[in-house]
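Notes to accompany the following structure.
Fair warning: this is a prediction, and the values are worked out from it, not measured in the lab.
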Amino acid sequence: IYTLSLHDALPISRGEQRDRGVQAEGTGSSAYLAMADESSSEDAPKVPFTLALIAGGCAGTAVDVALYPLDTLRTRMQAPEGFMKAGGFSGVYNGVLATALGAAPGAAMFFSAYEGMKPRLQALNGGKEHPLQHSFAASCGEVAACLVRVPTAVVTQRMQVGQYQNYPQAIKAIYGEAGLMTFYTGYWTTVAREIPFSFIQFPIYEGLKKGWRKIQGSDTTPMQGAVCGSISGAISSAVTTPLDVVKTRMMLGSKTATGEAYVGTINSLQTIVREEGALALFKGIGPRVGWITIGGYIFFEIGRASCRGR
């Protein structure tokens, strides 16, 4: 569930770097922020956009596959039937192919919308830059990227809980429910999760970096930036877990205690609290936070090495 944003590895000015917000929810967010710090130095190599995108695709796919078991555990913990009935610790790589195939296309969708909206938003502000421009442009990118992410997530999560044994069976069965739109179950809830994640993470990230600079008396290093990004990502992922739980229930096609489908984000949140208690909204918080936090480090090293040709 994260967007490959290695475009931030391209050399940018200090002013623009300070203005940039987090562009996606997921393991790469902290890495993107740290790489923006590294690339802003005068001696940083100029990385072509295409190379950056390819490097991001490789790094993102590697992270998704390596940490996929954590994502499976999260899904099973959030399933209404319970962790063990949803599969427990067995078959933790069920559905990984769909996730791997959807990573790079999702990034392309994000960049197309993000880069297209940035100059338009700047023009509306008289040609002046403002931090909110990046946040709003990123929001548009998330809406576009979810056109790819959501269908892959629907297939992935249903296979994670053992609803289907192979991809042809999953695709045929999901399409048979209500046609193509079934693959977009939970689309708006996913968008509603992605956007606040960015708005929560960025100010925390900037605050941590500011404090770190004040303590050591100098600018933070790229690795220190990655640490700040991982911490802010962990906090943001924890706060948005209730939306993640609702999204999972919708994508799995789960039913409430009364046998009804989960419909509407707010209504689903209220239903879960009423039937299972408020703590149920934070099911899977451990694997979710761990996946985003650990993945940031892995992505940072793979992505930076790819861009520098190490």
Side-chain angles (χ1 to χ4, degrees), residues 1-3 24-26 64 68 71-82 85-87 94-103 105-106 109-110 113 139 141-197 237 240-276 280-281 283-284 287-288:
I1 314 180
Y2 75 117
T3 308
E25 191 260 21
D64 281 348
Y68 188 79
D71 187 59
T72 298
L73 297 181
R74 171 190 63 91
T75 298
R76 293 174 178 177
M77 291 175 71
Q78 294 175 347
E81 61 265 36
K85 288 185 178 180
N94 291 346
V96 67
L97 181 60
T99 293
L101 293 177
M109 293 291 287
F110 178 89
S139 297
E142 295 295 352
V143 173
C146 282
L147 292 173
V148 174
R149 289 194 216 139
V150 171
T152 58
V154 169
V155 174
T156 294
Q157 293 198 308
R158 294 195 181 195
M159 292 189 68
Q160 285 175 327
V161 299
Q163 290 186 15
Y164 310 113
Q165 300 304 311
N166 54 63
Y167 292 101
Q169 180 189 29
I171 294 173
K172 182 179 179 180
I174 293 172
Y175 183 81
E177 290 182 22
L180 185 62
M181 292 310 297
T182 312
F183 290 95
Y184 287 93
T185 302
Y187 175 84
W188 291 112
T189 300
T190 304
V191 171
R193 181 199 64 176
E194 303 281 14
I195 294 175
F197 183 99
S237 61
T240 55
T241 295
L243 293 171
D244 191 55
V245 173
V246 171
K247 182 230 33 155
T248 297
R249 297 288 179 91
M250 289 181 172
M251 289 185 173
L252 292 179
S254 303
K255 304 295 183 182
T256 66
T258 59
E260 300 176 350
Y262 288 94
V263 179
T265 303
I266 301 301
N267 180 64
S268 296
L269 288 168
Q270 294 173 337
T271 299
I272 293 173
V273 171
R274 183 174 61 253
E275 295 181 348
E276 305 172 46
L281 294 177
K283 288 183 176 181
R288 173 171 161 78

Strictly by salt bridge (charged side-chain N to carboxylate O under 4.0 Å, His left out), give each pair with a member in [range] just once, sequence neighbours left out.
{"range": "residues 159-171", "value": "none"}
{"range": "residues 168-190", "value": "R158-E177"}
{"range": "residues 250-263", "value": "none"}

With R249, which residues qualify under salt bridge (Lys or Arg N to Asp or Glu O under 4.0 Å), at least two apart? E276
Nearest heavy-atom pair of [X] and [Y]: which atoms, and what distance?
{"X": "P287", "Y": "M77", "answer": "CG-SD, 3.7 Å"}
{"X": "E194", "Y": "C146", "answer": "CG-SG, 4.3 Å"}
{"X": "P242", "Y": "L269", "answer": "O-CD2, 3.7 Å"}
{"X": "A144", "Y": "A113", "answer": "CB-CB, 3.8 Å"}
{"X": "M251", "Y": "Q157", "answer": "SD-OE1, 3.3 Å"}
{"X": "Y164", "Y": "A173", "answer": "CE2-CB, 3.3 Å"}

State the [atom1]-[atom2] distance between [X] and [Y], to the nearest 0.5 angstrom.
{"X": "I195", "Y": "L243", "atom1": "CD1", "atom2": "CG", "answer": "11.0 Å"}
{"X": "T241", "Y": "F197", "atom1": "OG1", "atom2": "CZ", "answer": "9.5 Å"}
{"X": "L281", "Y": "Q270", "atom1": "CG", "atom2": "CD", "answer": "10.5 Å"}
{"X": "I266", "Y": "T271", "atom1": "CD1", "atom2": "OG1", "answer": "11.0 Å"}
{"X": "Q78", "Y": "K247", "atom1": "CD", "atom2": "NZ", "answer": "7.0 Å"}

Quick one, D244 and R74 - any side-chain contact, counting heavy atoms below 4.5 Å? yes
Heavy atoms, side chains only, cut-off 4.5 Å: are Q160 and D71 in contact? yes
For [X], check side chain to side chain donor-acceptor pair (under 3.5 Å) against everything at least two apart and list the hits.
{"X": "T265", "result": "T189"}
{"X": "Y187", "result": "none"}
{"X": "T185", "result": "none"}

Partners meeting side chain to side chain contact (heavy atoms under 4.5 Å, CB included) with [X] (sequence neighbours left out):
{"X": "L101", "result": "L97"}
{"X": "I171", "result": "F183"}
{"X": "S268", "result": "V246, M250, Y262"}
{"X": "E81", "result": "A79, K85, A86, V161"}

Keeping Y175 on the side-chain end and T182 on the backbone end, is there a donor-acceptor pair under 3.5 Å? no
Would the distance check show the side chain of E275 and the main-chain N or O of A257 forming a donor-acceptor pair, the cut-off being under 3.5 Å? yes
Which residue is it: V191, T190, V155? I am looking for the one with a side-chain contact (heavy atoms from CB on, under 4.5 Å) to V150. T190
Please check if atom OH in Y167 has more than 12 non-hydrogen atoms from other residues, nucleotides or ligands closer than 6.0 Å. yes
Option passing side chain to side chain donor-acceptor pair (under 3.5 Å) with T99 (candidates T156, D64, T152): T156
